[in-house]
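Given the structure is predicted, the values throughout are model-derived calculations rather than measurements.
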Amino acid sequence: MWRDIVSPTSAASVVVAGFLSILGLPSQPATAADGGSVLPFQPTPSASIAGPTLKDSVHQRRVDERHLPANAPNILIVLMDDVGFGVADTFDGFVHTPTLSRLAAEGISYNTFNTTAICSPTRAALLTGRNAHRIGSGTIAERALDWDGYVGVIPKTATTVAEVLKDYGYNTAAFGKWHNTPATETTAMGPFDRWPTGYGFEYFYGFLAGETSQWEPRLVENTSLVEPPNDPKYHLTTDLADHAITWLHKHQAYAPDKPFLMYWAPGASHGPHHIFPEWADRYKGKFDGGWDALRGEVFARQKASGWTPANTKLTPRPDSLAAWDDISESERPFQTRLMEVFAGFTEHADFEAGRVVDEIDKLGLRDNTLIFYIFGDNGSSAEGQAGTISELLAQNGIPNTIDQHLKSMDKLGGIKALGGPDMDNMYHAGWAWAGSTPFQATKLVASYFGGTRNPLVVSWPSTIAPDKRPRSQFHHVNDIVPTIYDVLGIKPPLEVNGQKQDPIDGVSMAYSFNDATAAGTKAEQYFENNGSRALYKDGWIASVFGPFVPWQASRPFNKDWDPDKDTWALYDLRRGFSQDDDLAAVETDRLAAMKARFLEVAKDNKVFPIGAGNWLRLHPEDRIKTPYKRWSFDSDTTRMPEFTAPGLGRESSIVTVDAEFGENANGVLYALGGASGGLTVYMDDGHLVYEYNMMIIENYQARGPDRILHGKHRIEIDTTLQSPKPLSAADVLLKVDGKEVARTTVARTVPAAFSASETFDVGTDLGSPVSHAYAERRPFKFDGKIDAVKVDMK
């Protein structure tokens with residue numbers, strides 16, 4: 001900030017004043033008395049924070065210049081993905097989480113902390129302190145729509161905590177999953193103002209999409225696209241911990257007098273569930289009793305330990321979700337191994353989080369580091385439906401059978417290959433239901449705590465005394481930022497970089513840090529996702545499930561759903577922790593008032609139209625995409641995200657490749673997608689091959705019978721969909737120099753997207769390989785020369 005570094009009497013100040021005069025700006029910042037400030041924020045007096053006193057005068061001077069309290073803490077936010085209330089053994093679940101347990105023992109835990117039921121909205125609320133719809137994040141980035149609450153863009157009027165703390169003097173860094181950049185703005189050309197580094201993080205290492213392969217992740221470092229090593233020992237979560245530790249060392253070397261904010265958000269345990277076999281093997285046989293039995297075991301432990309109140313009731317399994325007894329004996333090894341892989345994946349992520357915490361300790365920073373460990377951005381995910389080796393089948397609404405999965409899995413190495421790079425496996429929704437014990441529902445349901453309730457651990461050794469008693473004050477993920485501002489004595493800025501700020505919706509939780517019995521300060525909070533919705537108010541919650549059933553995502557969506565005809569339930573949370581006793585028929589006046597209040601809050605927060613998140617399930621043609629109909633590429637075109645690439649494989653198109661071939665040419669001409677689904681055109685010892693990988697469970701190929709001779713040739717791939725309807729069949733014709741050489745019919749095409757983060761590449765197949773035929777040779781770079789690849793959409 002220029003006011004802090006330019007002396008009023010210096011020569012430099014004269015230059016600055018003259019420059020500002022040319023721009024028509026005042027030479028001195030406005031004060032509060034003037035009605036505002038042109039500075040990023042209005043500085044506030046330093047607040048007193050308990051802990052060791054800073055004695056270094058240089059350090060103290062720099063802290064004062066940053067308007068921070070003496071001994072401002074370092075801050076670490078750890079956010080796990082898709083793990084529900086009943087998963088961690090820290091809180092009586094079934095996955096070993098020693099890091100979470102250690103921090104809980106050193107700090108405090110919250111058993112009534114809530115998220116938004118889905119990824120991007122939770123992250124937007126977490127980083128800004130606002131309600132998700134208010135800031136355009138009512139659904140995930142890939143499902144963005146042209147309604148104000150669902151545009152998928154965090155506005156600059158909702159500044160992140162990273163932006164604020166950076167300008168107050170913190171070093172800031174983010175690692176792992178981001179998922180808050182528009183899906184059409186993730187190319188190497190940006191724009192970058194909506195990437196993490198455009199939202200206040202000075203350093204970012206991770207991935208922008210909602211998920212990625214843990215073996216071949218689509219990585220970004222700041223604004224550069226980077227490739228992971230082709231190393232069988234590589235795993236993304238370990239890589240994220242390694243980079244976080246390296247950043248900590250640099251922070252200590254270059255700016256040890258500055259506090260830091262680190263946001264560490266691994267892809268675990270979102271699908272695909274990828275982990276080394278030895279981690280999954282730790283759980284061998286532990287889930288053989290099935291999800292019904294597992295849920296009962298977890299519930300018994302929760303009550304015995306006091307993590308849930310003694311009067312808590314276990315909610316029943318919904319009729320639409322299979323019982324374990326419904327699973328055939330022949331299928332059970334598949335289902336239990338899927339769960340073992342998930343458990344190993346989750347424990348591994350907690351272990352890697354522990355490495356980061358350990359490093360903070362080794363650097364002598366642990367005592368004054370405030371850690372928020374949020375165990376899940378929503379409840380456990382039911383998107384694996386009946387168990388899957390290709391989890392985006394659910395996102396696309398593609399009907400499938402277990403028999404298809406088992407037969408395809410056997411071709412890829414059988415059960416032992418689950419968790420490896422050849423499959424994007426995810427467990428049965430029954431396991432997600434067990435992971436949400438004792439609540440109803442799962443991720444994607446905002447009306448019940450199975451979708452929104454996640455454990456929170458807060459540890460700050462210098463300030464928070466360890467206490468095993470659960471904090472039961474009702475809180476929400478939008479309360480983290482106000483809590484940080486509170487402990488730092490920062491008032492939420494009214495204006496940042498010229499942008500008037502949206503109101504902060506969260507409230508501080510700091511009052512409960514050292515008082516387990518303090519009265520809660522959050523009186524009201526709305527929830528909405530895919531039409532499921534709820535309003536919490538003064539210990540009561542009104543809830544409605546809505547039209548979308550996550551574990552039945554492949555079934556046709558109910559086009560006749562009318563939110564005005566939904567039946568609401570009402571629960572007194574002071575008497576029923578798990579939303580088990582519906583009082584709607586008794587408390588009719590209260591329910592009517594809460595329904596009316598929900599509409600008021602929904603309007604204020606841009607939630608309308610209710611259920612907007614379901615639009616693309618009815619209209620996949622409206623998916624976010626670029627407006628182009630023609631493209632011209634060359635071999636420099638790589639890492640083009642699917643949402644910005646031509647709609648190959650789901651729209652009619654003609655692709656023309658002009659290239660120079662050697663004898664017995666090999667390598668990829670172009671590819672879109674990855675092992676979980678995509679299409680590729682490649683050369684195999686001189687033969688032209690087209691392959692359509694329909695989410696692993698179906699595969700279609702066409703192969704030219706004759707080798708293409710040495711020299712320049714034109715390849716043409718003509719794709720014609722037989723119908724404009726989703727899942728249409730497609731006729732594919734291959735030509736060489738104008739002559740047909742092969743053809744095939746794809747029985748059904750992917751309606752929305754092959755993957756969340758895989759890309760379109762020319763002359764290579766970066767990331768996860770589309771075809772298993774060249775997986776061992778990835779990225780299978782073309783050994784000839786590509787002059788041009790032209791795409792025309794019909």
Side-chain angles (χ1 to χ4, degrees), residues 41 77 79 110 112-139 147-165 180 199-200 263 372 374 377-378 446-447 449 451-454 456 473-488 490-496 499-512 520-529 533-542 594 597-608 610 612-613:
F41 349 91
I77 300 173
L79 179 66
Y110 291 78
T112 52
F113 181 79
N114 298 273
T115 53
T116 72
I118 192 170
C119 306
S120 299
T122 287
R123 292 158 199 272
L126 167 65
L127 293 172
T128 67
R130 278 88 173 180
N131 287 327
H133 294 79
R134 184 189 299 283
I135 56 174
S137 301
T139 188
W147 284 302
D148 289 347
Y150 303 86
V151 294
V153 177
I154 299 176
K156 298 302 181 178
T157 57
T159 295
T160 70
V161 65
E163 185 76 32
V164 173
L165 294 195
N180 285 116
Y199 282 112
Y263 173 51
F372 298 92
I374 307 170
D377 59 348
N378 41 243
S447 51
F449 295 142
T452 65
R453 181 65 56 84
N454 293 90
L456 167 67
Q473 298 89 351
F474 192 95
H475 278 289
H476 188 268
V477 69
N478 63 21
D479 297 332
I480 298 295
V481 165
T483 302
I484 292 172
Y485 291 162
D486 189 12
V487 301
L488 293 178
I490 293 174
K491 292 181 180 178
L494 301 178
E495 185 173 300
V496 178
Q499 298 286 331
K500 291 184 178 180
Q501 295 295 292
D502 296 324
I504 294 283
D505 293 302
V507 301
S508 174
M509 304 166 62
Y511 70 92
S512 63
T521 60
K522 196 171 190 78
E524 183 178 81
Q525 178 63 48
Y526 84 89
F527 300 84
E528 192 280 336
N529 180 58
R533 54 209 188 275
L535 180 73
Y536 167 83
K537 190 171 181 63
D538 299 324
W540 292 77
I541 191 165
M594 291 185 71
R597 177 58 183 162
F598 175 86
L599 293 177
E600 294 173 356
V601 174
K603 180 179 180 180
D604 179 57
N605 282 277
K606 307 176 185 177
V607 177
F608 296 138
I610 298 296

Would a distance-only check, ignoring hydrogens and angles, find a side-chain to backbone donor-acceptor pair under 3.5 Å from [X] to [Y]?
X: E163; Y: G200; answer: yes
X: S137; Y: H133; answer: no
X: Y150; Y: V607; answer: yes
X: Y485; Y: L488; answer: no
X: R123; Y: N180; answer: no

Considering non-hydrogen atoms only, spot the tightest contact between [X] and [Y] and give its length.
X: I77; Y: I480; result: CD1-CG2, 4.4 Å
X: Y110; Y: S512; result: OH-OG, 2.6 Å
X: N378; Y: C119; result: OD1-N, 3.4 Å
X: A158; Y: I154; result: O-CG2, 3.8 Å
X: T452; Y: A117; result: CG2-CB, 3.8 Å
X: K522; Y: G506; result: NZ-CA, 3.9 Å

To the nearest 0.5 angstrom, please state how far the [atom1] atom of [X] sits from the [atom2] atom of [Y].
X: T115; Y: L456; atom1: OG1; atom2: CG; result: 11.0 Å
X: T157; Y: I135; atom1: OG1; atom2: CD1; result: 8.5 Å
X: Y536; Y: F449; atom1: OH; atom2: CZ; result: 8.5 Å

Quick one: are [X] and [Y] in side-chain contact, heavy atoms under 4.5 Å?
X: V477; Y: N454; value: no
X: F608; Y: K603; value: yes
X: T116; Y: H476; value: yes
X: E524; Y: L535; value: yes

State which residues pass side chain to side chain contact (heavy atoms under 4.5 Å, CB included) with A510; sequence neighbours excluded, sorted by chain then number. T483, D486, V487, S508, F513
I'd like to check the side-chain hydrogen bond (donor to acceptor under 3.5 Å, both in side chains) partners of R453; sequence neighbours left out, ordered by chain and number. N114
From the options F113, Y511, F372, select the one residue that forms a ring pair (Phe, Tyr, Trp, His ring centres under 6.0 Å) with H475. Y511
Is the cationic atom of K156 (NZ for Lys, CZ for Arg) positioned less than 6.0 Å from the six-membered ring centroid of Y199 and within 45 degrees of its normal? yes
Which of D604, D502, D148 passes salt bridge (Lys or Arg N to Asp or Glu O under 4.0 Å) with R134? It is D604
Walk me through it: do T159 and Q499 pass the test side chain to side chain donor-acceptor pair (under 3.5 Å)? CA-CA 9 Å; T159 295; Q499 298 286 331; over 6 Å; no
Option passing side-chain contact (heavy atoms from CB on, under 4.5 Å) with Q525 (candidates V507, D479, N131): N131
